[in-house]
Protein chains: 2
Amino acid sequence: MMKNLPHKTIERLSQYRRALLICLEKGQTHIYSHEIAKIQHITAVQVRRDLMLIGYTGTLRKGYNVKDLIDLIGNIIDSTEGINVAILGMGNLGRALINYFAGKRSQLKIVAGFDINPDKIGNTMSGVPCYSSEDMNRIIKEKNIKVGIMTVPADFANATADQLVKAGIRGILNYTPKPVNVPDNVYLEEYDMITSLEKVAFFVKINDE
Amino acid sequence: MMKNLPHKTIERLSQYRRALLICLEKGQTHIYSHEIAKIQHITAVQVRRDLMLIGYTGTLRKGYNVKDLIDLIGNIIDSTEGINVAILGMGNLGRALINYFAGKRSQLKIVAGFDINPDKIGNTMSGVPCYSSEDMNRIIKEKNIKVGIMTVPADFANATADQLVKAGIRGILNYTPKPVNVPDNVYLEEYDMITSLEKVAFFVKINDE
DNA sequence: ATAACAATGTTAATAAATTAACATAAAAAT
DNA sequence: ATTTTTATGTTAATTTATTAACATTGTTAT
């Protein structure tokens, strides 16, 4: 069930939820599709279509119940028991991610960081303990870590991915600028900041022409 | 010319180039479409189609000339004079980006960082000077900065975007988890790390079911 | 009451992106 | 020399994603 949601819909649901949580905090009980759309820079049709796909039905002329929709999106995208996450590489980017998540109520818990720098190993950062990369296999199994976020230097990308796979990781989010190879049973998402910047620069350039 | 390249093709060209630069360093002179494809986890057809779109033609049975292709991609996506870039928010993420780019030969130069923390203002980080956010308008104009990368805390996202727009920025890459509004003449690219992680977690979850 | 309005939900159409199919030709093998 | 192989380049088909069209219905206004 819900296995066939388009990738883009999954991404948007995550974003809708975040926007909705802010609305909830403000005490807003209902929201229209076009309000969600405006926040996300998309069309109201897109929003309604996504919500149709997850079978949520709002109230005519009142819009969607903020709380209900948050809960439904949670039922769809969160896993019931929660998922433990590790950060590979406690450099600037790794710490940035930890801070993003620190204190967030979330099914996703960053429970471990790994690094090779002895100064970092043994410390905790924003509540996340830093372990030696040598202990990766053991800690990942002990802590039942399912997802790894790779923020190591590019030269370590492949070796780190291999280690993660060996340790039985189920999903990898790779922020290094180097694509890595994993077996089919490991879900891999790669994001390249340099590419994003080059893309922005490209469109700035052609807008000038 | 080349204005109508698909967005996805632009992104891949950037990635091809990065892979090609590594090949060049290793002394490799030619490369096949399926080799590029393997690195990027896509199909060889995709690669050939992208190269067709930019009008590059390889040598039958020898593949593509690495150096020529790097140069052509540069001609397409780089702007001749180069583009100056600013980092808004010199926290962990901002510094991570600076380090990514430090020492890279690139048409894209990070020439300024901005922050509100007095301890940071006046210092340089990896060669990038940090200015007060109050001086944003002036510095952006003085240094002819065209692109801004937003790495400020979410609460500052909108205000920062507004400042950038007022200063005449042409493109924004927004790494805050909060979507911002900009006029049509400013190219906006948003990337949300939390969404990416939730997406990975989702696919890990459904692979288990 | 009735008409006009404003929102949802859904199907149909369009556009964007990917993949398949295949024609071509240089190189290698026979 | 001829055949086979192996790669490119391009058109066609398919799939995925977005947008348009419109039917429906509660609410408000007259």
Side-chain angles (χ1 to χ4, degrees), chain A residues 2-16 20 23 28-66 68-69 72-73 76 179 188-190 195 199 202-203 206, chain B residues 2-16 20 23 28-66 68-69 72-73 76 179 188-190 195 199 202-203 206:
Chain A
M2 289 302 164
K3 287 209 181 193
N4 300 333
L5 291 173
H7 281 220
K8 288 288 179 71
T9 294
I10 299 297
E11 293 175 9
R12 283 190 297 261
L13 287 173
S14 161
Q15 285 157 8
Y16 298 163
L20 290 167
C23 295
Q28 188 178 350
T29 61
H30 287 77
I31 191 165
Y32 298 126
S33 59
H34 66 260
E35 293 178 297
I36 299 176
K38 183 145 191 220
I39 297 170
Q40 305 296 146
H41 310 128
I42 55 176
T43 66
V45 180
Q46 183 74 271
V47 174
R48 293 205 298 276
R49 215 175 183 302
D50 286 333
L51 299 190
M52 187 193 91
L53 291 175
I54 62 171
Y56 182 69
T57 164
T59 315
L60 195 52
R61 235 180 138 97
K62 279 187 76 181
Y64 304 98
N65 182 293
V66 174
D68 289 353
L69 186 47
L72 178 59
I73 292 175
I76 306 278
L188 174 66
E189 173 98 7
E190 309 206 297
T195 286
K199 185 182 173 191
F202 172 77
F203 285 106
I206 66 169
Chain B
M2 289 301 164
K3 288 207 179 194
N4 300 333
L5 291 173
H7 281 220
K8 288 288 178 74
T9 294
I10 299 296
E11 293 175 10
R12 283 190 298 260
L13 288 174
S14 160
Q15 286 158 7
Y16 298 162
L20 290 167
C23 296
Q28 188 176 351
T29 62
H30 287 78
I31 192 166
Y32 298 125
S33 59
H34 66 259
E35 293 177 298
I36 300 177
K38 181 142 192 221
I39 297 170
Q40 304 297 145
H41 311 128
I42 56 177
T43 66
V45 180
Q46 184 75 271
V47 174
R48 293 205 300 275
R49 219 181 179 298
D50 286 333
L51 299 190
M52 187 194 89
L53 291 175
I54 63 171
Y56 182 69
T57 164
T59 314
L60 194 53
R61 232 178 140 101
K62 278 188 75 180
Y64 304 99
N65 181 293
V66 173
D68 289 353
L69 186 47
L72 178 59
I73 293 175
I76 306 277
L188 173 66
E189 173 97 7
E190 309 205 299
T195 286
K199 186 182 172 192
F202 173 78
F203 285 106
I206 66 170

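Protein chains get the first letters and strands the later ones, always in sequence-line order, with residue 1 at the start of each.
Remark: B:Tyr16 engages no residue in a ring pair (Phe, Tyr, Trp, His ring centres under 6.0 Å) (not counting sequence neighbours). With sequence neighbours excluded, no residue satisfies ring pair (Phe, Tyr, Trp, His ring centres under 6.0 Å) with A:His41. Applying the salt bridge (Lys or Arg N to Asp or Glu O under 4.0 Å) rule to A:Glu35 yields no partners; only residues at least two apart in sequence or on another chain are considered. When the ring pair (Phe, Tyr, Trp, His ring centres under 6.0 Å) test is applied to A:His7, the partners found at least two apart in sequence or on another chain are B:Phe203.
Nucleic acid contact class of B:Thr9 (heavy atoms, under 4.0 Å, all strands): none. Residue contacts for A:Thr57: at a heavy-atom cut-off of 4.0 Å it reaches the sugar-phosphate backbone alone, with no base atom in range.
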Would A:Ile73 and A:Tyr56 satisfy side chain to side chain contact (heavy atoms under 4.5 Å, CB included), going step by step from the backbone distance to the final call? CA-CA 9 Å; A:Ile73 292 175; A:Tyr56 182 69; over 6 Å; no
Applying side chain to side chain contact (heavy atoms under 4.5 Å, CB included), run through A:Leu51 and A:Ile54 and close with a yes or a no. CA-CA 5 Å; A:Leu51 299 190; A:Ile54 62 171; 4.1 Å; yes
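When the P atom of D:dT16 is taken as reference, atom CD of A:Glu11 falls 15 Å away, rounded to whole Å. Rounded to an integer number of Å, the gap from A:His7 NE2 to D:dT18 C1' is 17 Å. The separation between B:Leu53 atom CG and C:dT18 atom P is 11 Å, rounded to whole Å. In this structure, B:Gln46 atom CD and D:dT8 atom C1' are separated by 16 Å, rounded to whole Å. In this entry the distance linking CG of A:Leu51 with P of C:dA7 reads 16 Å, nearest Å. Taking atom CG on B:Leu69 and atom P on D:dG9, their separation rounds to 10 Å, with Å as the unit. Distance A:Ile31 CD1 to C:dA7 P: 13 Å, rounded to the nearest Å. Going from atom OH of A:Tyr64 over to atom P of C:dA7 covers 12 Å, rounded to whole Å.
Sequence order on DNA chain D of the closest nucleotides to B:Met52 and B:His34 puts B:His34 first from the 5' end.
Within the structure, the salt bridge (charged side-chain N to carboxylate O under 4.0 Å, His left out) test picks out the following pairs touching residues 44-62 of chain A (sequence neighbours left out): A:Arg12-A:Asp50.
In this model, the phosphate group of D:dG9 is not approached by any side-chain N or O of B:Tyr32 to a distance below 4.0 Å at OP1 or OP2.
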Under-3.5 Å N/O pairs linking protein and nucleotides 20-29 of chain D:
unit_1, atom_1, unit_2, atom_2, d
D:dG26, N2, A:Arg61, NH1, 2.2

